[in-house]
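Down below is the structure, laid out as structure tokens.
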Protein chains: 2
Amino acid sequence: MAQKNKNDVTKERLLNEAEGLFAQKGYDAVSVREITKAANCNLAAVNYHFGNKQNLYLEVFRARWVPRAGLLQEHFRKSLAAQGSPSPTAVAKALAEAFLVGPLSDEERHRHHQLIVRELGQPTEAFELVADQVMRPFFKELADMLRPVMPEGLGEKRLMLNILSIFGMVLYFNFARAAVTRIAGYEYDTAFKARLVEHIVEFSLKGLGGAEKEEMR
Amino acid sequence: MAQKNKNDVTKERLLNEAEGLFAQKGYDAVSVREITKAANCNLAAVNYHFGNKQNLYLEVFRARWVPRAGLLQEHFRKSLAAQGSPSPTAVAKALAEAFLVGPLSDEERHRHHQLIVRELGQPTEAFELVADQVMRPFFKELADMLRPVMPEGLGEKRLMLNILSIFGMVLYFNFARAAVTRIAGYEYDTAFKARLVEHIVEFSLKGLGGAEKEEMR
DNA sequence: GTCTATAGCAGGATAGAC
DNA sequence: GTCTATCCTGCTATAGAC
């Protein structure tokens, strides 16, 4: 923190390139050689800065993924606060907007979701990290927020299923972008993303019991 | 086809083991050595029967994934036909049931979805195969089926988004099983899968415009 | 902190015996 | 068709010079 010399810069570049490559190809398909070449530094740099490849992967989550998830949550909370009371509709809209448009660039968002989807399908140590520091706290926050405004007698299980489902939708449309484009021909431009947000909100409303009068901003 | 000697048996075993391993770990994380060992045959067998590793992977889709997708569609069509008119509710229910309970064993279903999710996130030649032979035709069939019974003025784009979304939900709850269990504590037993089917149907109804009177079986 | 050089091993693929 | 033996490439990781 005190010194800001070449060391830190190399480390940062390694983290950036590693994240991009791990997201794009998965852990095993990426070699340390590829990462160091992309980061324009020496092969030995990964071992010097991170000990080994595994730990570089973990550090990508610690130093990049978790903070970025914090950014997304912050964006969500602000846009929700701007809407007054947290109705199911408002929550769904703020969530979908934060995660599909939000504060991240297209590339950053895609990286972010590719990384977590790989972990969802095949959890490693990185998943535990993310589950503890991001998912469980955030899901609890959402549950506490939604519980009072949900239909009576919905139950904790159904509540959690609904929260999981919204995230499922958001993840799916982000990570399967290439496939959706090839199958349905949709380009992920601004207009389509806006439409997607609307779609996900609508799609989620029934589950969230948000059939009450629709309200916008 | 004429001869059913050791040759065919080895080939079948290779396909089975390869499918399981590719689904579980992904293409790059699996070695030919690992596959042949699991199939209890010689290292050279992969090259003899399939030419190379890449082609074995493709053959897994051609000889296993596509036929199994056919089974699922068949199950879907039968259970839909048993319900009379194809209302949005009936379609959603038949789909969710076929893909979450349906004719496959838990392990087979998991394999099936793991494989396709990897391809959705990072399409290879196998994705083109599946898109041409399975996805595009089936999505078209569903669209033709739903178009007449959907709300007026929904539009082709929204129709396709809704179809994609149901598949997204189904895929998500199948492939992220390990993560869902760790985060929410749900075991994927029979009761939970039945609940999941109900949940997905409900969750999808608004999007499908199925707010009409609910009908079952 | 960064580099070169290299150890040491695992990977895909093939040749050729049986 | 199946096997063993082997080639060669590419991998992670480290030692040691600068």
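By convention in this document, chain letters (A, B, ...) are assigned in the order of the sequence lines, proteins followed by strands, and residues within each chain are numbered from 1. Side chains are part of it too, since the values below use all heavy atoms of this structure and drop only hydrogens, waters and symmetry mates.
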Toward the 5' end of DNA chain D, which comes first, A:Val32 or B:Leu43, by nearest nucleotide? B:Leu43

Side chain of [X] only, heavy atoms from C-beta on: which candidate in [options] is closest?
X: B:Asn52; options: D:dC3, C:dA13, C:dT4; value: C:dA13
X: A:Tyr48; options: D:dT14, D:dG1, C:dG1; value: C:dG1
X: B:His49; options: C:dG11, C:dT2, D:dT2; value: D:dT2
X: B:Ala44; options: D:dA13, C:dT2, C:dA15; value: C:dA15
X: A:Asn42; options: D:dT4, C:dT4, C:dG12; value: C:dT4

Between [atom2] on [N] and [atom1] on [X], what's the gap in Å once rounded to a whole number?
X: A:Arg13; N: C:dG1; atom1: CZ; atom2: P; value: 15 Å
X: B:Leu56; N: C:dA13; atom1: CG; atom2: P; value: 10 Å
X: A:Asn55; N: D:dA13; atom1: CG; atom2: P; value: 10 Å
X: B:Asn47; N: D:dA5; atom1: CG; atom2: P; value: 18 Å
X: B:Lys53; N: D:dT9; atom1: NZ; atom2: P; value: 19 Å
X: A:Ile35; N: D:dG10; atom1: CD1; atom2: P; value: 17 Å
X: B:Lys37; N: C:dG11; atom1: NZ; atom2: P; value: 10 Å
X: B:Glu12; N: D:dT2; atom1: CD; atom2: P; value: 12 Å

Distance-minimising heavy-atom pair for A:Gln83 and A:Ala94: NE2-CB, 4.3 Å

D:dG10 phosphate, OP1 or OP2: any side-chain N/O from A:Ser31 under 4.0 angstrom? no

With a cut-off of less than 4.0 Å, is there a side-chain N or O of A:Thr10 near OP1 or OP2 of C:dG1? no

From the options A:Phe175, A:Phe167, A:Phe173, A:Tyr172, select the one residue that forms a ring pair (Phe, Tyr, Trp, His ring centres under 6.0 Å) with A:Phe99. A:Phe167

Can you label the angle between the B:Tyr27 ring and the B:Tyr57 ring as parallel, tilted or perpendicular, going by 30° and 60°? perpendicular

Are B:Glu59 and B:Arg62 side-chain neighbours, meaning at least one heavy-atom pair lies under 4.5 Å? yes

Which of B:Ile166, B:Asn162, B:Val170 passes side-chain contact (heavy atoms from CB on, under 4.5 Å) with B:Ser204? It is B:Ile166

